[in-house]
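To keep things clear, I will list the structure first and then write my remarks on it.
Per chain, numbering begins at 1; letters A, B, ... match sequence-line order. Computed from a prediction, not measured in an experiment: that's the story for all the values here.
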Protein chains: 2
Amino acid sequence: MQLAATARSASPANVLPFPIPGFGRAQAMLNPLVGRTLHFQRGAEIYPAGKAADQLYQVFSGTVRTCRLLPDGRRMIAQFALAGELFGLDGVGRHRFFAEAVTDAVVIAFSRRDIAAWVDRDPAAAQSWHSYTLEKLAAAQDRFILLGRRTAAERVAAFLLDLADRGKGPDGVIELPMSRYDIADFLGLTAETVSRVLTTLRKNRLVANHGTHHLRILNRDALEEQADEEAA
Amino acid sequence: MQLAATARSASPANVLPFPIPGFGRAQAMLNPLVGRTLHFQRGAEIYPAGKAADQLYQVFSGTVRTCRLLPDGRRMIAQFALAGELFGLDGVGRHRFFAEAVTDAVVIAFSRRDIAAWVDRDPAAAQSWHSYTLEKLAAAQDRFILLGRRTAAERVAAFLLDLADRGKGPDGVIELPMSRYDIADFLGLTAETVSRVLTTLRKNRLVANHGTHHLRILNRDALEEQADEEAA
DNA sequence: CGTCGGATTGAGAACGTTCAAGGGGCGTGG
DNA sequence: CCACGCCCCTTGAACGTTCTCAATCCGACG
């Protein structure tokens, strides 16, 4: 929140990528670059599908989703970008997804041309940038398993653990800025199924609710067991 | 097949990446590098999950799959690599999937260190290499939609169209080197469901079978309509 | 305190899976 | 060259998980 205030005071001047605790590689990656600060209201479109993919975005505050719609209304969310995280890396020439603000959000836009130029100059940057995309590729392949071979309960448990690791909230409290519909479209389920799984988790005392958009993990081991019907 | 004979005669000497018609970018990418030729029998393991990811592979002949197993036996296939295509780009430090030969296969292994060194030297190579990984990332995100939001019939139709585009067979004849179980584990279905969808496609005269591992597309428009319940 | 969007809960249906049996193709051995 | 056997593919029937449809509930916000 203090961060958001800082962004607002810096706007509309250009800003450097801001430091976020625990935001290692991507931070180092973008540090020498200058971006434009943009503000979006909850639900606002950040870029449409098909737009030239000439920018990369970092979330300053709030949460962003990247989505695609099928003509019959089915929707898939490819990514939730939390504060500090990057998005906009869908498609090579043009965006294949559209991006929207899940909550009111402040976003820093970097020119892909600047990134390319800087990567050409600095071999360490090139290395950092390349291993970032490789990491995303590996994460995407992990998601194949989630979407193709896991049950609803496993998907939701994995999602909660992922958010717990990425969110920097204190002692096991997870913030869920997105709706049950968003979660469902991210996991390939329906909102009703997500709700039912969360209810079961609460009844089994694996998690406790603090309003609809916050929950606390009570038994992480059991949650991990439910998420990973898988040996490491 | 002539290609395979050439590979055999070149082995065990080192070889350059070979040209494959219609294999543009990755070809240009690897041209200056030298790799080792490896032979695998149908079903043989090419690398295990967890192995240090210090090589990148190009399929010379045959087909390769990259998979992960859950402890209860569920399996997911992340990729089928056909002749000319690359595989081994799962995981940054270590492979997160294992690779197996779907059919007898000849594979060329390139050292990632060689690739890194060459990319450091040649900016055009770096560009080519980077946009290759970005393209793979975009393709992975498309697969999220397939796995999370499409029906069995849509998945199978999309799979056939994809193979038709990648395989260089004549006039709409598709080769399916993999089993129905492989297809199922690639699409997040069961072999029975894949078989039933293929039967329906045959009955509706969208495709014709020529043995279990070859089929011909009779009505591509209808197949595309079935695959894309989606506007471009 | 009222209203509205999202969340929860319930009942029934559907799609895909599971379990089971039968059929076909290919390779091997006689 | 033919027969056998194995593997995989196909088909059927029953089951189950998840979806769909619908009603109610809750919480945020005016």
Side-chain angles (χ1 to χ4, degrees), chain A residues 41-43 63 65 70 72-76 100 102-104 146-157 159-160 174-204 207-215 226 229, chain B residues 41-43 63 65 70 72-76 102-104 146-157 159-160 175-204 207-215 226 229:
Chain A
Q41 291 198 322
R42 171 187 151 90
T63 301
R65 64 180 172 241
L70 302 189
D72 60 358
R74 285 178 288 178
R75 184 180 66 156
M76 186 77 201
E100 292 175 332
V102 172
T103 62
D104 289 355
L146 188 89
L147 294 171
R149 281 286 176 249
R150 301 200 110 113
T151 66
E154 290 167 355
R155 293 182 206 192
V156 173
F159 177 72
L160 293 180
I174 305 174
E175 196 190 337
L176 299 166
M178 67 292 289
S179 74
R180 302 295 191 258
Y181 290 88
D182 285 338
I183 297 173
D185 287 340
F186 182 78
L187 297 176
L189 300 169
T190 61
E192 293 91 333
T193 298
V194 170
S195 183
R196 278 185 248 270
V197 171
L198 288 174
T199 301
T200 305
L201 288 176
R202 178 159 30 83
K203 282 183 180 159
N204 294 345
V207 305
N209 288 35
H210 298 276
T212 40
H213 292 291
H214 294 271
L215 62 77
Q226 176 164 333
E229 189 62 22
Chain B
Q41 292 198 322
R42 172 186 149 88
T63 302
R65 63 178 172 242
L70 304 188
D72 60 359
R74 284 178 289 180
R75 184 181 66 156
M76 186 76 200
V102 172
T103 62
D104 290 354
L146 188 90
L147 294 171
R149 281 287 175 250
R150 302 199 110 113
T151 66
E154 290 169 353
R155 293 182 206 193
V156 172
F159 178 71
L160 294 180
E175 196 191 337
L176 299 165
M178 68 293 287
S179 74
R180 302 294 190 260
Y181 289 89
D182 284 338
I183 298 173
D185 287 340
F186 182 78
L187 296 177
L189 301 169
T190 61
E192 291 92 333
T193 298
V194 171
S195 182
R196 277 185 250 269
V197 172
L198 288 175
T199 300
T200 304
L201 288 175
R202 179 161 27 85
K203 282 183 179 160
N204 293 346
V207 304
N209 288 35
H210 298 276
T212 40
H213 293 291
H214 294 270
L215 61 79
Q226 177 165 333
E229 189 64 22

For B:Leu198 and C:dG16, give me the distance from atom CG to atom P, rounded to whole Å. 14 Å
Heavy-atom check, side chain of A:Asp104 versus side chain of A:Arg42, under 4.5 Å: yes
Between NE2 of A:His213 and C1' of D:dC29 the distance, given in whole Å, is 13 Å
Whole-Å distance between C:dA7 P and A:Leu215 CG? 13 Å
Side-chain atoms of B:Ala152 come closest, of C:dG16, D:dT10, C:dT8, to C:dG16
Measure CG/A:Asp182 against P/C:dG5 and give the value in whole Å, please. 16 Å
Given C:dG6, C:dT8, C:dG16, which nucleotide is nearest the side-chain atoms of A:Ser179? C:dG6
Strictly below 4.0 Å: does A:Arg196 bring a side-chain N or O up to OP1 or OP2 of C:dT8? no
Distance-only donor-acceptor test (3.5 Å): side chain B:Glu192, base D:dC8: no
When you measure from the side-chain N and O atoms of B:Thr193 to the phosphate of C:dT17, is any distance below 4.0 Å, counting only OP1 and OP2? yes
What one should report as the nearest heavy-atom pair of A:Met178 and A:Ile183 is CG-CG1, 3.6 Å
A:Tyr181 OH to D:dC21 C1', in whole Å, measures 11 Å
In whole angstrom, what separates A:Leu201's CG from C:dA7's P? 16 Å
Assign B:Arg42 to base, sugar-phosphate, or nothing according to its heavy-atom contacts below 4.0 angstrom with the strands shown. sugar-phosphate
Spacing of B:Asp72 atom CG relative to C:dT17 atom P, expressed in whole Å: 15 Å
Is any side-chain nitrogen or oxygen of A:Thr199 closer than 4.0 Å to OP1 or OP2 of C:dT9? yes
Could you tell me whether the phosphate oxygens of D:dC19, OP1 or OP2, come under 4.0 Å of any side-chain nitrogen or oxygen in A:Thr190? yes
Between CG of A:Leu189 and P of C:dT8 the distance, given in whole Å, is 14 Å
Is a side-chain N or O of B:Arg74 found less than 3.5 angstrom from the main chain of A:Arg149, in a donor-acceptor match? yes
Checking B:Thr199 side chain against B:Ser195 main chain: does a donor-acceptor pair fall under 3.5 Å? yes
Name the one of B:Val197, B:Val156, B:Asp182, B:Thr193 that satisfies side chain to side chain contact (heavy atoms under 4.5 Å, CB included) with B:Leu187? B:Val156
